[in-house]
Amino acid sequence: MNLSQFQWKKHGADRNVYFRPDSVGDRGVIDQIFLNEDYRVSHWPQGRALLAQYQSAADDKQALIVDAGANIGASAVYFHTLYPQARIVCIEPERS
């Protein structure tokens with residue numbers, strides 16, 4: 001399988017995401033998550049409250065992020081970079 005690499009730099013970390021260069025869907029996922037930052041929650045009041053809860057509990061408890069529809073795994077890279085102490089469970093029901 002021919003794969004291309006996208007490198008994302010955030011919070012002092014370099015993360016690589018591999019995708020199929022001929023897949024419009026893969027490219028769309030990368031654009032949605034990393035370029036548009038559609039998964040960023042800090043611009044919503046509820047999101048800011050969630051981030052505050054994560055930060056205050058990170059030393060005592062492990063947060064859980066469930067990504068139901070993980071696609072190519074780009075969201076796991078995004079979430080792990082922003083929430084390094086969280087446990088991330090990714091589910092992708094589509095076989096292809």
Side-chain angles (χ1 to χ4, degrees):
M1 178 184 294
N2 183 25
L3 294 177
S4 289
Q5 178 180 335
F6 172 81
Q7 187 175 45
W8 186 56
K9 296 180 180 190
K10 190 77 167 187
H11 298 291
D14 292 342
R15 303 288 187 220
N16 297 318
V17 179
Y18 297 92
F19 65 97
R20 298 165 293 187
D22 58 341
S23 171
V24 174
D26 285 7
R27 189 69 226 184
V29 165
I30 288 172
D31 289 350
Q32 178 186 30
I33 293 173
F34 299 108
L35 301 179
N36 301 342
E37 288 196 88
D38 287 356
Y39 288 15
R40 182 176 52 90
V41 298
S42 61
H43 58 279
W44 300 318
Q46 301 92 337
R48 289 190 292 276
L50 180 65
L51 291 172
Q53 178 66 27
Y54 168 77
Q55 292 166 346
S56 70
D59 292 336
D60 300 327
K61 300 176 185 174
Q62 187 175 35
L64 174 64
I65 298 171
V66 178
D67 182 6
N71 205 298
I72 61 172
S75 57
V77 172
Y78 181 85
F79 290 135
H80 178 66
T81 302
L82 296 180
Y83 314 106
Q85 304 298 3
R87 173 176 285 218
I88 302 165
V89 176
C90 302
I91 304 163
E92 177 51 59
E94 175 63 41
R95 291 179 190 253
S96 63

Quiz item: Can you name the closest pair of heavy atoms from S23 and D26 and give their distance?
Solution: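 Scanning both residues, the minimum pair turns out to be OG-N, 3.0 Å.
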Quiz prompt | Closest non-hydrogen atom pair between A70 and S75, with its separation | solution =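 Shortest heavy-atom contact: O-OG, 4.1 Å.
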Quiz item: Distance-only, no hydrogens or angles: does the R48 side chain make a donor-acceptor pair with backbone N or O of S42 under 3.5 Å?
Solution: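 Answer holds: yes.
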Self-check item: Under 3.5 Å: donor-acceptor pair, side chain of Y83, backbone of I88
Solution: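 Looks like no, no N/O pair under 3.5 Å.
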So, taking the atom named [atom1] in [X] and the one named [atom2] in [Y], what distance separates them when rounded to the nearest 0.5 Å?
| X | Y | atom1 | atom2 | result |
| --- | --- | --- | --- | --- |
| S4 | N16 | OG | CG | 12.0 Å |
| R15 | Q5 | CZ | CD | 13.0 Å |
| Q46 | L51 | CD | CG | 11.5 Å |
| D31 | E37 | CG | CD | 12.5 Å |

Does [X] share a hydrophobic cluster with [Y], counting links as ILVMFWY side-chain heavy atoms below 4.5 Å and allowing steps through other members?
| X | Y | answer |
| --- | --- | --- |
| L35 | L82 | yes |
| Y54 | Y39 | yes |
| F79 | W44 | yes |
| V89 | V77 | no |

Hey, does [Y] have a side-chain heavy atom less than 4.5 Å from the side chain of [X]?
| X | Y | result |
| --- | --- | --- |
| R27 | F6 | yes |
| I65 | R87 | no |
| I72 | Y18 | no |

Exercise. If the plane angle is over 60° it's perpendicular, under 30° parallel, otherwise tilted; pick one for W8 and F34.
Key: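 Tilted.
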Practice problem: Please test R40 against Y78 for side chain to side chain contact (heavy atoms under 4.5 Å, CB included), starting from the C-alpha separation and ending with a verdict. | Solution: CA-CA 9 Å; R40 182 176 52 90; Y78 181 85; 3.5 Å; yes
Self-check item: Stepwise side chain to side chain contact (heavy atoms under 4.5 Å, CB included) test for R20 and L3
Solution: CA-CA 5 Å; R20 298 165 293 187; L3 294 177; 4.0 Å; yes
